[in-house]
Amino acid sequence: MGGLKRTHDCYSITEEAIDQEVTLMGWVLRRRDHGGLIFVDLRDRKGITQVVFAPEVNAKSHEKAHRLRSEYVIAVRGRVRRRPEGMENPKLKTGMIEVVCHELRILNTAVTPPFPLDEDADVSEGLRLKYRYIDLRRPVMVENITLRHRVCQAIRQFLNRHDFLEIETPILTRSTPEGARDYLVPSRVNPGRFYALPQSPQLYKQILMVSGLERYYQIARCFRDEDLRADRQPEFTQLDMEMSFVEESDIIALVEGLIKEVFASALGITLEPPFRRFTFSEAMERFGTDRPDTRFDMELVDVTDIARRCGLKVFNTVAASGGVVKAVNAKEMGDLSRKDLDDLTVFAQSFGAKGLAWVKIKADNAWQSPIAKFFSDEEQHAIAQRLEAAAGDVLFFGADQRATVLRVLGELRCELARRRGLIPEGRFNFVWITDFPLMEYNEDEGRFTSMHHPFTAPLDEDMDLIETDPGAVRSRAYDLVLNGIEIGGGSIRIHQPTVQKRVFKALSISDKESRDKFGFLLEALSHGAPPHGGIAFGLDRLVMIMAGRESIRDVIAFPKTQKAQCLMANAPSRVSMAQLAELYLRPDWKEKA
RNA sequence: GGGGUCGUAGUUCAGCCGGUUAGAACGCUGGCCUGUCACGCCAGAGGUCGCGAGUUCGAGUCUCGUCGGCCCCGCCA
């Protein structure tokens with residue numbers, strides 16, 4: 001850089017610097033060459049500043065500036081001056097000033113970028129991922145990555161202040177049953193044995209509580225070998241926490257304080273905890289999901305009792321055979337066309353509905369609907385009243401087994417809100433979900449499996465149901481949901497080996513298997529484990545929502561594609577036979593390795 | 001594993017019912033231009049229509065397969 005020192009960045013240089021000599025370094029965003037005057041928009045991480053090259057100021061620099069191209073890296077020494085009257089650019093934070101160049105150094109040239117760096121350029125994501133270093137130069141990406149940094153800093157500040165210790169746990173660990181598919185790593189020095197990458201630091205953090213560290217956190221990388229989605233990557237980041245001598249209310253209060261501080265510090269947004277709370281069953285009945293989006297209404301309403309009496313066979317037989325009939329009131333959606341209704345029916349069917357009954361409420365409160373004739377005036381009135389229906393509304397019904405109805409209407413509720421633009425921008429609606437079932441019956445495996453994980457404590461009052469009615473046992477688990485997306489979940493853990501054994505048994509995990517896979521935990525619990533509990537947050541998802549993005553890839557510096565590949569580094573890659581041999585791996589596929 | 005969608009110039013896209021030399025905008029290259037800021041004007045270059053088969057006199061266009069991006073279901077304690 002030839003002795004030049006950067007004195008300012010391209011954002012914070014203001015009118016106060018007028019008449020000062022400054023040195024800027026950055027990338028050429030755009031050059032506007034007038035033959036005489038040349039303007040260059042210089043971009044660095046912080047912002048953009050206009051540099052002017054004039055032949056009468058410095059002929060050599062002006063001459064050099066003709067050679068500048070997009071993304072050249074340059075150093076500019078020059079004088080800050082107020083822009084001439086009428087030449088200010090209100091779109092730029094530095095738009096009141098410009099830097100008149102006295103000396104230009106080209107620090108590096110660049111080939112033409114594979115895609116434009118314009119803010120609004122619409123570029124395919126595959127290309128962005130291949131040239132991620134270019135993509136990350138775009139201001140929106142710099143903002144996302146910076147926001148993520150601020151969130152992490154706020155987390156650390158808050159937790160440090162609350163006496164937590166940041167502790168790392170192993171990345172090379174052991175495979176455990178239950179949960180997602182593991183990523184495996186062969187052990188060279190232990191032929192035929194494998195490490196697993198952690199799906200979460202769950203067991204280690206509990207062990208740390210047994211160790212008496214009392215308050216632990218970690219911004220931890222986690223690995224799950226499952227298929228990807230917009231909000232799921234094979235490696236992702238959790239804010240993982242665990243505390244001793246606490247119960248649900250302690251963790252919930254601490255987390256509310258943490259989230260409040262994170263939003264205040266990273267976004268300047270004031271949240272007002274406590275957040276709303278729903279029990280699992282309440283959330284399911286009212287929103288059809290355990291992660292309700294409360295930014296809009298349209299709650300599910302049960303009308304099974306009325307449907308039981310009505311003349312519509314689909315409804316009364318469902319009601320008679322243990323199913324449920326529920327409805328949502330789509331307020332003021334009476335203008336939905338027949339095609340819209342057909343589309344919504346297809347939508348409902350994709351979630352398992354056999355059909356989708358609808359009723360349009362006309363001006364005189366009369367029902368316009370294929371099913372209207374099966375309901376007496378009295379039944380129509382009762383349903384309308386329960387759904388608070390008014391002229392211009394549309395009612396949608398689901399009649400089936402409970403799980404299907406909840407799923408279909410829950411999805412329909414969100415779809416209607418999306419289609420009608422009922423979801424307000426810039427809102428952050430947090431909800432706690434509590435009292436989850438401890439386990440649910442898994443048809444495929446023919447046994448109960450944990451809803452959260454096998455170390456979650458049952459509610460004391462439900463403890464005796466573990467052996468008699470496992471599906472009815474509620475757990476001391478809690479989820480934090482933001483705008484309909486699960487961003488965190490945790491529980492009070494089992495800290496007594498006797499209880500842990502009973503739960504393993506209910507999960508049909510044999511003594512042998514539990515000793516084999518979790519023996520160290522069971523043993524640890526017998527060495528004076530304090531009551532403890534914790535929570536883990538999907539950091540990527542939290543930052544994604546805070547950034548207003550729809551994919552966590554936008555808040556991860558180097559994410560993977562849906563096929564779990566890194567298009568930039570070309571991972572995963574083939575490896576040599578020699579490497580495989582060293583690991584005692586002998587592939588028997590036909591391709592050449 | 002399954003469903004959907006996309007793949008044409010560096011980029012974003014258009015390309016009709018299968019028919020002459022595959023177009024536009026931006027970008028790029030060269031020239032002109034002293035107040036632009038998506039500068040402007042003039043000229044020019046730039047194509048393995050993802051790949052491979054097939055149908056056809058003829059395929060960017062139709063069919064099948066395949067590869068890749070994205071969305072979703074399954075999966076994700």
Side-chain angles (χ1 to χ4, degrees), chain A residues 29-43 48-57 62 66 69-71 81 83-92 94-95 98 100 111-131 134 176-182 199-200 202-203 222-234 236 346-347 350-352 407 411 415 436-440 442 444-445 447-456 475 477 486 489-491 503 507 509 518 536 538 550-551 553 559-563 565 567:
Chain A
L29 177 61
R30 248 186 293 274
R31 182 186 58 137
R32 292 177 292 279
D33 188 340
H34 289 227
L37 282 182
I38 297 173
F39 299 95
V40 164
D41 289 339
L42 185 64
R43 185 198 72 242
I48 295 166
T49 295
Q50 174 167 282
V51 180
V52 189
F53 298 88
E56 64 270 22
V57 173
H62 177 261
H66 279 295
R69 295 292 182 271
S70 288
E71 300 308 304
R81 76 176 177 202
R83 292 195 186 189
E85 186 83 32
M87 302 301 158
E88 303 87 356
N89 183 352
K91 287 188 243 171
L92 287 186
T94 58
E98 61 194 3
V100 186
V111 297
T112 303
F115 51 84
L117 274 79
D118 300 0
E119 196 65 43
D120 52 352
D122 182 21
V123 182
S124 82
E125 196 163 357
L127 202 65
R128 287 175 53 202
L129 291 176
K130 180 172 178 190
Y131 298 97
I134 307 284
T176 52
E178 312 282 304
R181 192 176 297 113
D182 284 321
Q199 297 180 22
S200 83
Q202 184 61 35
L203 293 170
C222 304
F223 306 85
R224 294 178 189 177
D225 187 4
E226 299 292 351
D227 287 346
L228 290 81
R229 291 282 190 282
D231 61 354
R232 273 164 34 189
Q233 284 271 307
F236 61 101
V346 171
F347 178 84
S350 75
F351 290 96
R407 178 168 139 100
E411 293 288 348
E415 177 68 10
F436 284 85
L438 184 66
M439 38 198 153
E440 52 193 348
N442 183 317
D444 294 339
E445 298 187 34
R447 66 176 183 114
F448 281 91
T449 54
S450 295
M451 189 130 178
H452 190 47
H453 57 53
F455 320 111
T456 300
S475 73
E486 184 201 324
S491 62
V503 169
L507 293 169
I509 298 174
F518 304 116
E550 304 220 321
S551 164
R553 292 187 300 273
K560 292 182 174 57
T561 67
Q562 196 153 44
K563 276 216 144 48
Q565 297 186 8
L567 294 183

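Within every chain, numbering begins at 1; the chains are lettered A, B, ... in the order of the sequence lines, protein sequences first and strands thereafter. It should be emphasised that the depicted structure is a prediction, and the values quoted were computed from it without experimental measurement.
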task = Taking atom CD of A:Glu550 as the centre, report whether more than 12 heavy atoms of other residues, nucleotides or ligands fall under 6.0 Å from it.
result =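 Counting neighbours around CD of A:Glu550, 12 or fewer heavy atoms of other residues, nucleotides or ligands fall under 6.0 Å, so no.
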
request  = Could you tell me whether A:Phe223 and A:Phe236 have their ring centroids closer than 6.0 angstrom?
outcome  = no

Determine the interatomic distance between [atom1] on [N] and the same-named atom on [M]; round to the nearest Å.
N     : M     : atom1 : result
B:U11 : B:C57 : C1'   : 37 Å
B:G47 : B:C33 : P     : 32 Å
B:C41 : B:A14 : P     : 26 Å
B:C70 : B:C28 : P     : 28 Å
B:G52 : B:A59 : P     : 14 Å
B:G60 : B:G54 : P     : 15 Å
B:U29 : B:G74 : P     : 50 Å
B:G2  : B:U66 : P     : 10 Å

Looking at [atom1] of [X] and [atom2] of [Y], how far apart are the two atoms once the value is rounded to the nearest 0.5 Å?
X        : Y        : atom1 : atom2 : value
A:Glu88  : A:Glu98  : CD    : CD    : 9.5 Å
A:Gln202 : A:Ser491 : CD    : OG    : 6.5 Å
A:Gln562 : A:Arg553 : CD    : CZ    : 7.5 Å
A:Asn442 : A:Met451 : CG    : CE    : 12.5 Å

May I have the distance from [X] (atom [atom1]) to [N] (atom [atom2]), rounded to whole angstrom?
X        : N     : atom1 : atom2 : answer
A:Glu445 : B:C75 : CD    : C1'   : 12 Å
A:Glu71  : B:G27 : CD    : C1'   : 13 Å
A:Phe223 : B:C75 : CZ    : P     : 24 Å
A:Asp225 : B:G74 : CG    : P     : 18 Å

With sugar-phosphate meaning primed atoms plus P, OP1 and OP2, does [X] contact a base, only sugar-phosphate, or nothing at under 4.0 Å between heavy atoms?
X        : answer
A:Arg407 : sugar-phosphate
A:Met439 : nothing
A:Ser350 : nothing

G-U wobble or Watson-Crick pairing nucleotide for [N] (cut-off 3.5 Å, both distances):
N     : result
B:C37 : none
B:G74 : none
B:G27 : none
B:G68 : B:C6
B:G54 : B:C62

task = Identify whether the distance between the nearest side-chain nitrogen and carboxylate oxygen of A:Arg224 and A:Glu226 falls below 4.0 Å.
result =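 Salt bridge absent between A:Arg224 and A:Glu226.
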
message = Closer than 4.0 angstrom, basic N to acidic O: yes or no for A:Asp41 and A:Arg31?
response = no

message = Would you call the rings of A:His66 and A:His62 parallel, tilted or perpendicular, taking 30° and 60° as the class edges?
response = perpendicular

task = State which residue, out of A:Met87, A:Arg32, A:Arg30, fulfils the side chain to side chain contact (heavy atoms under 4.5 Å, CB included) condition with A:Gln50.
result = A:Arg32

Donor/acceptor link under 3.5 angstrom from A:Arg224 side chain onto base of B:C75 = no

side-chain contact (heavy atoms from CB on, under 4.5 Å) evaluation trace for A:Leu37 with A:Val52 = CA-CA 7 Å; A:Leu37 282 182; A:Val52 189; 3.9 Å; yes

remark   = Going 5' to 3' through nucleotides 28-39 of chain B and flagging B where a protein heavy-atom sits under 4.0 Å of the base, S where only the sugar-phosphate is that close, and - otherwise, we get SSS--BBBBBSB

query = Toward the 5' end of RNA chain B, which comes first, A:Lys560 or A:Phe455, by nearest nucleotide?
reply = A:Lys560

remark   = Assert: residue with more 5' nearest nucleotide on RNA chain B, out of A:Met451 and A:Asp227, is A:Asp227

For nucleotides 10-12 of chain B, print each protein N/O atom paired with a nucleotide N/O atom at under 3.5 Å, atom names and distance only.
{"residue": "B:G10", "atom": "O2'", "partner": "A:Pro114", "partner atom": "O", "Å": "2.9"}
{"residue": "B:U12", "atom": "OP1", "partner": "A:Ser124", "partner atom": "N", "Å": "2.7"}

Residue-phosphate contact under 4.0 Å: A:Arg229 side-chain N/O, B:C73 OP1/OP2 =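 So the side chain of A:Arg229 is within the cut-off, an N or O lying under 4.0 Å from OP1 or OP2 of B:C73.
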
